Number of protein chains: 2
Amino acid sequence: MTMPSAGRRDRKKAATRQAIADAALQLFLERGYDQVSIRDIADAADVSTATVFKHFSGKEALVFDQDEDRESQLIAAVRQRPSGQSILDALRHHILDTWPSIEAHPQAAEFTNLVNSTPVLSAYAERMWTRHTDSLGAAIADEFGVDHDNLTCVALARFVLEIPVLARGRQDRRAAIEAVFDILTHGWEPPSKPPAP
Amino acid sequence: MTMPSAGRRDRKKAATRQAIADAALQLFLERGYDQVSIRDIADAADVSTATVFKHFSGKEALVFDQDEDRESQLIAAVRQRPSGQSILDALRHHILDTWPSIEAHPQAAEFTNLVNSTPVLSAYAERMWTRHTDSLGAAIADEFGVDHDNLTCVALARFVLEIPVLARGRQDRRAAIEAVFDILTHGWEPPSKPPAP
DNA sequence: GTAGAAAAGTGCAACGACTCTACTTAGCGA
DNA sequence: TCGCTAAGTAGAGTCGTTGCACTTTTCTAC
């Protein structure tokens, strides 16, 4: 594995960060997002409020700790796909491989519930995905040798990044992901009517 | 036309609201969003800060004054479409008819620039559109007699509502809208390479 | 008309998120 | 061992936002 703890300093820094994130998540799950202040979190982690903001850009970021390198993974999935594989297939496999496991965590039920019941967190979660639209669109455009803001490529990036949001909370997430990729591949078709009740 | 000014009270209320919105927009364009406080706006409009929040839900809402009934228009476009017209066509015509005029306003350049250069405003603008995903998805589902959270319908709603965001700032907005609707209708295809330089 | 409900607006205090500044502490490299 | 730098602290301050008690204005019903 990687060795992120080059020295005692970095290790202590990571420990503080983790202590803050842990305290925050526990308090949020206990009382709800709006009922927990930064002060509460700082006290629980035994740090000052200023330290909290040294580690996290804002209150919402405390909830989504492990966000880091989704972007680079996405772009790598496009750039380093098996030769002969289409970009749509590469993205489909990447999302099928990486994403459902995030929701399959223990504690995921409570966590998902927390996010869905707190509007500011739902909004933040959506932006976490769509934030990467530009980079992914540019990567796709590179594969075809067109401008980075090429509409076709940016549109594909944006639609693909909506898929996790669309699949969130569905019973069969994998089927949902496949279904939406089908729309993108073959065009939209009216839903099949269910058998009459 | 409609008569929204039933009495003196409503007229004065509308006037105050307008005074606040005007003062806010002018100050924002002059100094930039972050350099204007709610107190500044309240002072410029000669009201108290509490009054500002009686009329607008938050600071961001001061920028997007005329947001109101996009949702009902969208749903009407689906429900009351000419018989025989597909839902995709109805939505395409609706967006082509209603949306490009919003950006064609005088002062639109400065305004667009303000929004694009202020992250919190870009995020808010996106949410203004995608906020209606659920209602539009439900309306589409109704047309086919399927569940309101039917994935195919919700996905279509979400993709369609992304189109204005995708077309924003393009040279030829109408062509951009058509192009994205083409993706939704026939499936995604790689972009055509431009002639080599 | 006039009384009184209803609503718009005010002034103020408060809370929480976040920032800034000046200061202490602790690891690190020479 | 001696600084240098980065992590952390305390505390004051800004700003968005809300709540409360109160005044003023308009509408409505008698």
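Below, read A as the first sequence line, B as the second, and so on, with proteins coming before strands; counting in each chain starts at 1. Remember, predicted model here, so these are calculated numbers, not experimental data.
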Can you tell me if A:T51 touches the phosphate of D:dA7, counting only side-chain N or O atoms and a distance under 4.0 Å to OP1 or OP2?
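No, because none of the side-chain N or O atoms of A:T51 sits under 4.0 Å from OP1 or OP2 of D:dA7.
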Between B:T51 and B:S48, do the side chains contain a donor N or O and an acceptor N or O under 3.5 Å apart?
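Yes.
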Is a side-chain donor-acceptor pair under 3.5 Å present for B:D22 with B:Q26?
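Note: B:Q26 and B:D22 side chains miss the donor-acceptor criterion.
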In whole Å, I'd like the distance from the [atom1] atom of [X] to the [atom2] atom of [N].
X     : N      : atom1 : atom2 : answer
A:D10 : D:dA6  : CG    : C1'   : 10 Å
B:K12 : D:dT24 : NZ    : C1'   : 10 Å
A:F53 : D:dA7  : CZ    : C1'   : 17 Å
A:I20 : D:dA7  : CD1   : P     : 12 Å
B:K59 : D:dT18 : NZ    : P     : 14 Å
A:I38 : D:dA10 : CD1   : C1'   : 17 Å
B:F28 : D:dG16 : CZ    : C1'   : 12 Å
A:D46 : D:dT9  : CG    : C1'   : 12 Å

Do [X] and [Y] touch side chain to side chain, with heavy atoms closer than 4.5 Å?
X      : Y      : answer
B:F64  : B:L121 : yes
B:F28  : B:K59  : yes
A:I163 : A:W99  : no

Using a 4.0 Å heavy-atom cut-off across all strands, classify A:T49 as base, sugar-phosphate, or nothing.
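A:T49: no heavy atom of the nucleic acid under 4.0 Å.
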Tell me which donor-acceptor pairs under 3.5 Å the side chains of residues 76-88 of chain B have, and how far apart each pair is, sequence neighbours excluded?
{"unit_1": "B:R79", "atom_1": "NH2", "unit_2": "B:D142", "atom_2": "OD2", "d": "2.8"}
{"unit_1": "B:R81", "atom_1": "NE", "unit_2": "B:Q85", "atom_2": "O", "d": "2.7"}
{"unit_1": "B:R81", "atom_1": "NH1", "unit_2": "B:V78", "atom_2": "O", "d": "3.0"}
{"unit_1": "B:R81", "atom_1": "NH1", "unit_2": "B:E143", "atom_2": "OE1", "d": "2.8"}
{"unit_1": "B:Q85", "atom_1": "NE2", "unit_2": "B:H93", "atom_2": "ND1", "d": "3.0"}
{"unit_1": "B:S86", "atom_1": "OG", "unit_2": "B:D89", "atom_2": "N", "d": "3.1"}

Please find the earliest and latest nucleotides of DNA chain C, in the 5' to 3' direction, that have an atom within less than 4.0 Å of any heavy atom of chain A.
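Boundary nucleotides touching chain A, in 5' to 3' order, are C:dA17 to C:dC28.
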Go through D:dT9, D:dG16, D:dT26 for me and flag the one nearest to the B:R9 side chain.
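Looking only at heavy atoms from C-beta outward on B:R9, the closest nucleotide is D:dT26.
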A:W188 (side chain) donor-acceptor with B:T152 (main chain) under 3.5 angstrom:
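Yes, A:W188 side chain to B:T152 backbone: donor-acceptor pair under 3.5 Å.
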On DNA chain C, nearest-nucleotide positions of A:V36 versus A:K54: which is more 5'?
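Counting from the 5' end, the first nearest nucleotide belongs to A:V36.
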Could you check A:S37 against A:A50 and say which one's nearest nucleotide on DNA chain C is further toward the 5' end?
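Whichever sits nearer the 5' end wins; that is A:S37.
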